[in-house]
Colleague: 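I'd like to ask you about the structure that follows.
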2 protein chains.
Amino acid sequence: MQNAVETAEIYIERWSAAAGETGPCPVRDVLDKIGDKWSMLLVMTLACGDKRFNELHREVPDISQKMLTQTLRDLQRDGLVSRHVFDTKPPSVEYRLTPLGHSLIVPFGHLIEWANGSIRRIEAARKDFDAVR
Amino acid sequence: MQNAVETAEIYIERWSAAAGETGPCPVRDVLDKIGDKWSMLLVMTLACGDKRFNELHREVPDISQKMLTQTLRDLQRDGLVSRHVFDTKPPSVEYRLTPLGHSLIVPFGHLIEWANGSIRRIEAARKDFDAVR
DNA sequence: GGTGAAGATTACCTTGAGGTAAGTGCATGC
DNA sequence: GCATGCACTTACCTCAAGGTAATCTTCACC
């Protein structure tokens, strides 16, 4: 990142090009996952170490089994997570971040830092805005 | 960003704390905007310079008027965008990024770079995955 | 031989984000 | 005097994301 505005322009350009019929743009594509209610939470949970299905379910209790399966499947499809089946007595399945998955943690971490650093100002802005209304 | 895994742990910790009744976590909160279909596109469009309502509508033709108004209103509420009314003959309204809005461009830019750099590997992974199915 | 855990899949249902379309008030241009 | 542009607002409708809950298979334990 040298120049934020420059990056913005490249982004807009790619976006427009994509809208022009080439299919969905890569940024939009990735953003859908980022914005997804569970994807990033699972990626970050797996960033702490490999986990089994029910282990994930215990660490993220408010996800339904259906969404856990589905989100894991999507992440696997995108090559961010790999699935390893061990045929132990009750077959156990382990999920891991792939190198690609690990590489997402870095840019995503910047966003987390921004979020944590900006939340007070955002909340203050909301309060002001709502006070006027 | 010194250590990605460390950041991940802080994230998980905050998330869990938030789930524990403090309200929605700041990261989730910010992510909702990031993941929003239009918010980031508008922020990036405004990163190229201040724009008026219909100017934005022309640059982002596939957004509906309703969503443009609504998204702009939300961004304004969060203090990312400011609204300036000039009472010219047909009243014109200009939208600008606030300093807070500008600061988002940096971490977001990292994500854009990651997206553009990773899309080929993601698409390859999807192809492989779908081939097996 | 009944119970429980592991790792799912499936059917059904609700909610809300976002699209479409039309209307509003005002002013300039044709 | 009709149309057009600006900046919205409102009503209505649709579709898909995601929740709930039931079900499945296999094995170990008591």
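Because the structure is a prediction, the values reported are computed rather than measured. First the proteins, then the strands, lettered A, B, ... as listed; each starts at 1.
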Colleague: For the pair B:His110 and A:His110, name the ring-plane relationship: parallel under 30°, tilted 30 to 60°, perpendicular over 60°.
Modeller: parallel

Colleague: So, does A:Arg83 get its side chain near the phosphate of C:dG7, meaning an N or O under 4.0 Å from OP1 or OP2?
Modeller: no

Colleague: Look at B:Arg58 and D:dG5 and indicate whether a side-chain polar atom (N or O) is within less than 4.0 Å of OP1 or OP2.
Modeller: no

Colleague: Measure from CG on B:Leu68 to P on D:dA7 and round the result to the nearest Å.
Modeller: 10 Å

Colleague: Any side-chain N or O of B:Asn54 less than 4.0 Å from the OP1 or OP2 oxygen of D:dC6?
Modeller: yes

Colleague: Once side chain to side chain contact (heavy atoms under 4.5 Å, CB included) is applied, do any residues pair with B:Arg58, and if so which ones, sequence neighbours excluded?
Modeller: B:Asn54, B:Glu55

Colleague: Identify, with sequence neighbours excluded, every residue that meets side chain to side chain contact (heavy atoms under 4.5 Å, CB included) alongside A:Arg126.
Modeller: A:Ile122, B:Asp29, B:Lys33, B:Arg77, B:Asp78

Colleague: Is it the case that the side chain of A:Ser82 and the backbone of A:Thr98 share a donor-acceptor pair, with hydrogens and angles ignored and the cut-off at 3.5 Å?
Modeller: no

Colleague: Measure CG/A:Leu72 against C1'/C:dA6 and give the value in whole Å, please.
Modeller: 14 Å

Colleague: So B:Tyr95, base contact, sugar-phosphate only, or nothing? Heavy-atom distance under 4.0 Å.
Modeller: sugar-phosphate

Colleague: Measure all distances between protein nitrogen or oxygen atoms and nitrogen or oxygen atoms of nucleotides 12-18 of chain D, and list the pairs falling under 3.5 Å.
Modeller:
| unit_1 | atom_1 | unit_2 | atom_2 | d |
| --- | --- | --- | --- | --- |
| D:dG18 | N7 | A:Lys66 | NZ | 3.2 |

Colleague: With sequence neighbours excluded, what pairs up with B:Asp36 under the side chain to side chain contact (heavy atoms under 4.5 Å, CB included) test?
Modeller: B:Trp38, B:Ser39, B:Thr71

Colleague: Please enumerate all residues that pass side chain to side chain contact (heavy atoms under 4.5 Å, CB included) together with B:Lys66, with sequence neighbours excluded.
Modeller: B:Ser64, B:Gln70

Colleague: So what does B:Thr69 hit on the nucleic acid, given a heavy-atom distance under 4.0 Å: a base, only sugar-phosphate, or nothing?
Modeller: base

Colleague: For B:Ser103, what residues pass the side chain to side chain donor-acceptor pair (under 3.5 Å) criterion, not counting sequence neighbours?
Modeller: A:Trp114

Colleague: Within less than 4.0 Å of OP1 or OP2 of D:dG5, is there a side-chain N or O belonging to B:Arg52?
Modeller: no

Colleague: What string of B, S and - do you get for nucleotides 22-30 of chain C 5' to 3' if you count protein non-hydrogen atoms under 4.0 Å?
Modeller: B----SS--

Colleague: Return each pair, listed once, that meets salt bridge (Lys or Arg N to Asp or Glu O under 4.0 Å) where at least one residue sits in residues 41-51 of chain A; pairs must be two or more places apart or across chains.
Modeller: A:Asp50-A:Arg96, A:Lys51-A:Glu59

